[in-house]
Enquirer: 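Please find one structure pasted underneath; my questions will follow.
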Amino acid sequence: MAAPASAAVSFGSVSASEPHDRLWRDLKRSQRAAQLRAIGLILPLVVFLILVFIVPIGMLLSRSVSDLAVPRALPATVAALAGWTPAKEIPPQVYPALVEDIGSAPQMLFGDAAARLETGTPGMRALMMKTRSRLQGAAPSDARKALTGISPKWDTMEGWVAIKQASGPLTDHYLLTALDLHRDELGKVTRVVAYERVFLAAIGRTFGIAFTVTALALLLGFPFAFLAATSSDRVSRILLFTVLLPFWTAMLVRALSWSVLLQRTGIINDALLRLGLVREPLDLMYNRFALCIALIHIFLPYMVLPLYSVMKTIPPQHMRAAASLGARPWMAFRRVYLPQVVPGIGAGALLVFIQCLGVFVVPALLGGPNDQGLPYYIAFYVNRVLNWGLAAALSVILLLSVAVLYALYVRLSGKSAMVLG
Amino acid sequence: MVDLCTRGRNRIATIIAAFLLGTTALAGRAAAADLTVSLQGGPLGEAIKTTLVKPFREESKLDVVSDDRDWGIGAVRAKVEGGGNTWDVVNAEDIEVIQGCDEGIFAHLDTAKISSFDKFVIKNEDRPCGLPSVIYNTSLAYNNAKMTTKPTSWADFWDTKTWPGRRSMVKSPQDVLEIALMADGVPRDDVYKVLATPAGVDRAFKKLDELKPNIIWWTNPGQSRQLLASGETVMSATYDNGIYFFNRTQKTDFGTTRKDAITHTDYWAVLAGSKHEAIAYKFLNYASDAKPAAVLSDALAISVPNSEAVALVPAELRPNLSALPSNMAQAVRSDAQFWVNHYDALSKRFDAWAAQ
């Protein structure tokens with residue numbers, strides 16, 4: 001794309017004589033055809049990516065801030081609450097408005113709204129459902145009396161505040177929840193009660209585990225890749241084969257085979273007991289240790305292969321030259337070899353790190369309750385609680401954290417050109 | 001060059017055309033089915049497929065297909081919201097039926113159209129969208145081969161002196177909090193009354209604190225059985241039918257307690273707007289009929305709501321059926337409505353507690 005533009009500048013600045021112009025037009029024409037072909041070739045991929053990747057993810061992410069369930073189901077109530085703040089009396093017109101909305105809202109919209117209110121204020125779902133089933137489409141003359149008769153809660157602020165806070169069309173409710181925060185009755189952002197704070201810890205855990213696994217995979221993978229890159233063809237082929245072998249089995253199988261080794265009645269504990277090294281079987285499973293081992297095993301190839309491919313391109317003469325110039329092995333390694341491997345390290349580390357952020361099957365099988373990362377909660381809220389707004393907000397947090405880390409990494413490594421190796 | 005290019009383009013066009021044809025053919029096939037039954041993956045789904053869906057297809061001569069759903073109610077909602085729903089009937093958990101009914105995903109059912117409904121031991125009560133399909137308990141399970149004295153209560157589950165070793169429980173507040181309260185001496189009929197109060201929740205978590213170092217959390221019921229078989233755990237709070245089924249297939253000798261078990265019900269539900277409602281009712285009638293239901297009951301060692309099915313299963317299975325009146329009298333019905341109302345808050349608290 002950049003080439004024709006710069007050509008235009010240089011051509012244009014030389015002169016505007018007739019032959020030059022024609023030449024330039026011809027060149028542009030021939031290049032345009034090539035360009036169109038190139039665009040045509042990548043077009044299917046671009047369309048595919050937009051359709052199956054960017055659009056659905058964009059739609060999902062927009063759920064984290066969009067808040068339309070309540071205004072759609074209860075438009076009159078939302079309008080009646082428009083000018084109200086919790087410091088004032090409950091306006092009397094909200095009672096008939098709510099009765100009217102409940103009578104006219106289709107079941108599906110009403111259920112959505114009740115579920116949305118529940119996410120902000122526990123108990124609202126039950127209250128809404130009860131109110132609807134008690135009213136049964138009737139239009140009582142004294143709406144206030146009817147509603148407070150169904151539940152005295154309608155006489156208190158709580159329910160109205162819940163509706164007010166969910167009036168949409170945009171909300172920070174889900175993003176706040178994803179950070180263990182919420183708005184109190186007066187709209188002030190505060191932390192949730194200590195025993196309900198789960199997400200910040202889960203975010204920390206997710207990244208902590210990913211860091212550990214990436215670091216250890218690098219520690220293990222580096223010498224291995226070095227050996228594979230510097231030994232004879234036959235040896236290196238065998239070495240690479242051993243790395244690729246686990247690829248042929250499913251992730252689930254690999255995780256489960258670790259449980260055969262690590263459990264209390266497993267092979268390792270059995271051997272230790274028989275050798276008399278321990279009296280009681282060790283707790284090797286259902287903890288961070290087992291999880292990290294399994295993850296390293298699963299993701300090691302993603303570290304070794306980029307390292308290997310980079311190391312393969314470094315001629316052995318470089319090290320020899322460094323040695324001949326008086327560098328000791330460590331110095332030669334640090335000053336000559338390592339800088340050339342950095343792209344491989346970067347690519348491998350990113351591949352392992354980002355994949356670690358997304359696993360949730362392995363932690364469920366091998367980890368303890370303290371090893372469950374953010375992906376588990378995302379799946380949980382999508383599927384079990386049907387709180388897609390919160391699931392989307394958690395995804396946003398995960399995505400943003402990765403983006404920030406990646407930006408930081410590019411900044412620190414000082415190589416903007418190093419995009420995923 | 002040009003030639004190559006057009007040929008390539010033609011090929012791409014061919015591929016796109018083939019792809020479109022393929023997808024429309026697939027969509028056409030799914031839409032052409034007379035009835036699509038969506039089942040949870042795993043043993044239950046497999047058993048329903050072979051004992052109910054297949055025989056019904058053969059008997060009715062209708063094109064009845066089943067579809068696996070690895071995910072819970074979220075998958076159903078995604079299908080309905082996406083507009084491309086091809087499912088007519090789903091088998092769903094209690095909570096899911098309530099959620100789906102509240103949200104209008106499922107249609108209200110007319111039980112008058114189910115001929116054997118008066119034989120049901122569990123009616124659909126306040127589940128206007130559900131027809132009970134299977135019944136099972138969360139029970140205390142143990143390995144007879146490794147016990148001299150058998151545990152008989154949830155209090156025994158907490159007794160790590162008499163029965164040293166670890167226990168496994170489902171990684172979810174549902175069932176676990178009820179069990180903790182019963183272990184702490186709350187009578188089974190009062191469990192949900194106590195759990196509905198903040199003090200009751202505190203009490204349950206306090207009781208769980210005692211056992212926490214000895215708990216392995218399972219996420220798939222298969223894990224709980226495997227843990228018992230390998231000796232990793234001495235006891236497990238898990239689904240009783242899975243235990244009987246495991247005994248039968250793996251020749252293990254696991255026992256269960258029936259006192260203070262928690263009874264769960266799965267339901268059939270018909271999706272709102274299904275174009276095959278009449279056939280759906282035909283299928284529901286077939287599925288709740290004593291004879292086919294008994295085949296399912298036997299296949300998974302699970303209970304079915306039709307009381308007449310009990311007489312049709314092998315004698316050795318009968319005393320294990322959780323829907324047997326004598327067994328139900330010792331158990332507590334899981335209060336799904338309670339969990340629909342409290343699951344979100346309690347699961348957050350549970351996760352935070354478990355991660356400490």
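Chain letters run A, B, ... following the sequence lines, proteins first and then strands; every chain starts at 1. All values reported here derive from a predicted model rather than from experimental measurement.
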Enquirer: As an exercise: rank B/H342, B/Q337, B/E93, B/R166 by heavy-atom pairs under 4.5 Å with chain A and give me the winner.
Expert: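 Option with the top pair count is B/R166.
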Enquirer: Which answer fits B/L227, side chain, backbone, both or neither, if we ask what part of it has an atom under 4.5 Å from a heavy atom of chain A?
Expert: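 Contact with chain A is through the side chain of B/L227 alone.
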Enquirer: Restricting to non-hydrogen atoms, name the atom on A/T119 and the atom on B/D344 that form the minimum distance, rounded to 0.1 Å.
Expert: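 Of all heavy-atom pairs spanning A/T119 and B/D344, the closest is CA-OD2, 4.1 Å.
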Enquirer: Top residue by heavy-atom pair count (under 4.5 Å) with chain B, among A/R125, A/M285, A/R264, A/M108?
Expert: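 It is A/R264.
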Enquirer: Identify, with sequence neighbours excluded, every residue that meets side-chain contact (heavy atoms from CB on, under 4.5 Å) alongside B/R203.
Expert: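 Once residues adjacent in sequence are excluded, the partners of B/R203 under the side-chain contact (heavy atoms from CB on, under 4.5 Å) criterion are B/L181, B/D184, B/V186.
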Enquirer: What are the two closest non-hydrogen atoms of B/E232 and A/T265, and how far apart are they?
Expert: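 Scanning both residues completely, I find the closest heavy atoms to be OE2-N, 2.7 Å.
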Enquirer: Quick check: does any side chain N or O of A/E196 sit under 3.5 Å from a backbone N or O of B/A352, one acting as donor and the other as acceptor?
Expert: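 It does not hold such a pair.
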Enquirer: Who wins among B/F205, B/Y343, B/W218 for the most heavy-atom pairs under 4.5 Å with chain A?
Expert: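 Winner by heavy-atom pair count: B/Y343.
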Enquirer: What part of A/R132 gets closer than 4.5 Å to chain B, counting heavy atoms only: side chain, backbone, both or neither?
Expert: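 A/R132 has no heavy atom closer than 4.5 Å to chain B.
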Enquirer: Surrounding NZ of B/K206 (heavy atoms of other residues, nucleotides or ligands, distance under 6.0 Å), is the total greater than 12?
Expert: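 Check fails, neighbour count at 12 or below.
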Enquirer: Quick one: what part of A/T121 sits under 4.5 Å from any heavy atom of chain B, side chain, backbone, both or neither?
Expert: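 Neither the backbone nor the side chain of A/T121 comes within 4.5 Å of chain B.
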Enquirer: Take A/Q372 and B/W217 through the side chain to side chain contact (heavy atoms under 4.5 Å, CB included) test and state the conclusion after the steps.
Expert: CA-CA 12 Å; A/Q372 213 64 262; B/W217 302 101; over 6 Å; no
Enquirer: Quick check: under 4.5 Å, non-hydrogen atoms only, which of residues 359-367 of chain A neighbour chain B?
Expert: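 Within residues 359-367 of chain A, the residues that come under 4.5 Å of chain B (heavy atoms only) are A/A364, A/L365.
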Enquirer: Assess whether side chain to side chain contact (heavy atoms under 4.5 Å, CB included) is satisfied between B/K348 and A/V192, documenting all intermediate values.
Expert: CA-CA 11 Å; B/K348 256 192 219 141; A/V192 296; over 6 Å; no
Enquirer: Based on non-hydrogen pairs under 4.5 Å, which of B/A355, B/G231, B/C101 is most in contact with chain A?
Expert: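 Counting heavy-atom pairs under 4.5 Å, the top option is B/A355.
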Enquirer: Taking atom CE of B/M147 as the centre, report whether more than 12 heavy atoms of other residues, nucleotides or ligands fall under 6.0 Å from it.
Expert: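 Yes, enclosed.
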Enquirer: Who pairs with A/Y377 by ring-ring contact (aromatic ring centres under 6.0 Å, His included), at least two apart in sequence or on another chain?
Expert: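 Scan of A/Y377 (ring-ring contact (aromatic ring centres under 6.0 Å, His included), adjacent residues dropped) gives A/F199.
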Enquirer: Non-hydrogen atoms of chain B under 4.5 Å away: do they reach the side chain of A/Y286, the backbone, both or neither?
Expert: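 For A/Y286, side-chain heavy atoms alone lie under 4.5 Å from chain B.
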Enquirer: Using non-hydrogen atoms only, which part of B/Q223 is less than 4.5 Å away from chain A: side chain, backbone, both, or neither?
Expert: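 Contact with chain A is through the side chain of B/Q223 alone.
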Enquirer: Using 4.0 Å as the upper bound for N to carboxylate O, is an ion pair formed by A/D112 and B/R77?
Expert: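 Yes, charged N to carboxylate O under 4.0 Å.
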Enquirer: When rounded to the nearest 0.5 angstrom, what is the spacing between CD in B/E96 and CG in A/L386?
Expert: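 Nearest 0.5 Å value for the CD-CG distance: 8.5 Å.
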Enquirer: Which bit of A/A202 is near chain B, if near means a heavy-atom gap under 4.5 Å: side chain, backbone, both or neither?
Expert: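 Neither part; nothing is under 4.5 Å.
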Enquirer: Grab the two heavy atoms, one from B/H108 and one from A/Q107, that are nearest each other, plus how far apart they are.
Expert: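 The pair with the smallest heavy-atom distance is NE2-NE2, 3.9 Å.
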Enquirer: Given a strict heavy-atom distance threshold of 4.5 Å, which part of A/A201 is in contact with chain B: side chain, backbone, both, or neither?
Expert: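 Contact with chain B is absent: no heavy atom of A/A201 under 4.5 Å.
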Enquirer: Quick check for you: to the nearest 0.5 Å, what is the distance between A/Y381 atom OH and B/S347 atom OG?
Expert: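 Nearest 0.5 Å value for the OH-OG distance: 4.5 Å.
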Enquirer: Of the backbone (N, CA, C, O) and the side chain (C-beta and beyond), which part of B/T219 lies under 4.5 Å from a heavy atom of chain A, both, or neither?
Expert: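 It is the side chain, since no backbone atom gets that close.
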Enquirer: Using a 6.0 Å cut-off, check whether atom NZ of B/K275 has over 12 heavy atoms from anything other than its own residue.
Expert: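 Not buried by this count: 12 neighbours or fewer within 6.0 Å.
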Enquirer: Can you tell which part of B/I95 gets under 4.5 Å to a heavy atom of chain A, answering side chain, backbone, both or neither?
Expert: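 The side chain, not the backbone.
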Enquirer: Is there side-chain contact between A/M129 and B/V340, with at least one heavy-atom pair below 4.5 Å?
Expert: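 In short, these two side chains do not touch, never coming nearer than 4.5 Å.
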Enquirer: Between A/Q263 and B/Q226, does a side chain to side chain contact (heavy atoms under 4.5 Å, CB included) hold up when you go through it step by step?
Expert: CA-CA 11 Å; A/Q263 59 188 350; B/Q226 211 58 55; over 6 Å; no
Enquirer: Side chain, backbone, both or neither: which part of A/D371 has an atom under 4.5 Å from a heavy atom of chain B?
Expert: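 Neither part.
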Enquirer: Considering residues at least two apart in sequence or located in another chain, which fulfil the ring-ring contact (aromatic ring centres under 6.0 Å, His included) criterion with A/H182?
Expert: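 Not a single residue meets the ring-ring contact (aromatic ring centres under 6.0 Å, His included) criterion with A/H182.
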